[in-house]
Protein chains: 2
Amino acid sequence: MKEFINRVQQDGKVDTTYSKVRECLRRDILSNYFAPGTRLKIAELIKLYNVSQMPIREALQQLQGEGLIIIEPHKGAYVRELDEKFVSNIYDIRRIIEVFLTLESLKKVTDRDIKKLFQTQKNYEKASVKRDVESMLKCNSQFHTTLYQLADNDEALHIIEKHSQLINSLRLSYGFEGNRVEEVIVEHREILEAISLRDEKLLEKAATSHCLNAKANLLAAMKN
Amino acid sequence: MKEFINRVQQDGKVDTTYSKVRECLRRDILSNYFAPGTRLKIAELIKLYNVSQMPIREALQQLQGEGLIIIEPHKGAYVRELDEKFVSNIYDIRRIIEVFLTLESLKKVTDRDIKKLFQTQKNYEKASVKRDVESMLKCNSQFHTTLYQLADNDEALHIIEKHSQLINSLRLSYGFEGNRVEEVIVEHREILEAISLRDEKLLEKAATSHCLNAKANLLAAMKN
DNA sequence: AAGTGGTCTAGACCACCTT
DNA sequence: AGGTGGTCTAGACCACTTA
């Protein structure tokens, strides 16, 4: 574990030290190098990442904001328990916000937006045939982002995005993405159809079950 | 403005410096001493609060987590615009989460819980007769907390609480709490009745309009 | 090219938990 | 009382902006 921080330094971008520490820490927590419950001692992290206190504290603060760790004043930080209850709670919050955003979007959506959504969906299906996972993740994220941006509620979007990286990491680490490809395609088509028909009730149903299925799928994978 | 930080140091509790700075900053932002858009320069805040960089940066990080300020790497922090759009967005998020929590609570609520809710409501009404604003705020918060805790979703509760202080401060600074006392009493009674009847549809309606009314009321006050 | 201001380092300080 | 480890200070460093 003598790897230096620079393992996250992508392309030529200039980043702050604390953002690099944050990404390293996130990775090390999600990869289970720091298991849930582990105390994150600053002195330890200083040696591990080769930086001094301040960037570490900043990174810890930010990760606390994401709910990944918990900081107790004068006592220190520890990795939060990522158990089924927590995942279930997060998915429930995501569901109600996502359904809300989807329905709000319906009020604003234009025919042009719908065309774009169909195009994204087509790209997703093409990528799925080629088993191009990276492209699939990108299309999936684009599909939802395009839709949600129409709702014009940055604060809600922010909550969704804050947990996205965590959820995506969990999904990958339980390696279950493969077996829901067909389902996701069908569910996205249902959402698209409801939007095209501008049918609010139908859309609510489609969006709700899309979210509930994702939740059930991850929880089932976690049971092993 | 040579006031020292200790103006927030309540009772005998030992607090960290950064938490005191955070509360001071929050107050100074919400009181409009730091107007929206203002750049919060660390050097300035050092002189103002008589502390050094670190506690200030920690406080800024935390306030960014609450959405009160925005930090741009290598550029600095500035106070976020608290316009009607922002308030409207926050209230929309709160509404869907609060309705969700309320409905989840209904699944778990016992007769004993219902009794406690009635008691809290009675206390609220007593306080309102005496115009005891502090006691009213306390009962109001207790009413919702008692209910929401039954839903057993700490993450959702956390989102609600994160924005509560902000919303409460805005309410106070627009000084409109007084003219909604009777409405709040009626609305809480409706919610209580729906819970007693264990009528989900009725409860959803009551909780939704409770939230929508609060939103409309604050937005109307902000228009002046 | 100089100035401003955010970022990082090193070490002192002090709260909390043991013995 | 001593040790551990989080918190705070002072100053160096360096990214970004203006002229």
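Values reported hereafter were calculated over all heavy atoms of this structure, with side chains retained and with hydrogens, waters and symmetry mates removed. Just so we're on the same page: letters track the sequence lines, and every chain starts at 1.
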Rounded to the nearest Å, what distance is computed from the [atom1] atom of residue [X] to the [atom2] atom of nucleotide [N]?
X	N	atom1	atom2	value
A/Ile70	D/dG6	CD1	P	15 Å
B/Ile42	D/dG11	CD1	P	17 Å
A/Tyr78	D/dG5	OH	P	17 Å
A/Met54	C/dG5	CE	C1'	13 Å
A/Ile56	C/dT9	CD1	P	9 Å
A/Lys41	C/dC16	NZ	C1'	15 Å
A/Leu45	D/dG5	CG	C1'	12 Å
A/His74	C/dA15	NE2	P	7 Å

C/dA10 phosphate, OP1 or OP2, under 4.0 Å from A/Ser52 side-chain N/O: no

B/Arg39 side chain near C/dG6 phosphate (N/O to OP1/OP2, under 4.0 Å): yes

Full working for salt bridge (charged side-chain N to carboxylate O under 4.0 Å, His left out) between A/Lys223 and A/Glu84: CA-CA 8 Å; A/Lys223 285 237 153 81; A/Glu84 292 171 29; 3.8 Å; yes

Which residue lies more 5' along DNA chain C, comparing A/Lys75 with A/Gln53 via nearest heavy atoms: A/Gln53

Min side-chain heavy-atom separation B/Val79-B/Ile70 under 4.5 Å: no

Flag side-chain contact, heavy atom, 4.5 Å: B/Lys126 against B/Asn123: yes

Sugar-phosphate, base or nothing in reach of B/Glu58, heavy atoms under 4.0 Å: nothing

Aromatic ring pairing B/His144/B/His210, orientation class (parallel under 30°, perpendicular over 60°, tilted between): parallel

Any N/O donor-acceptor pair, B/Glu72 side-chain to C/dG6 base, under 3.5 Å: no

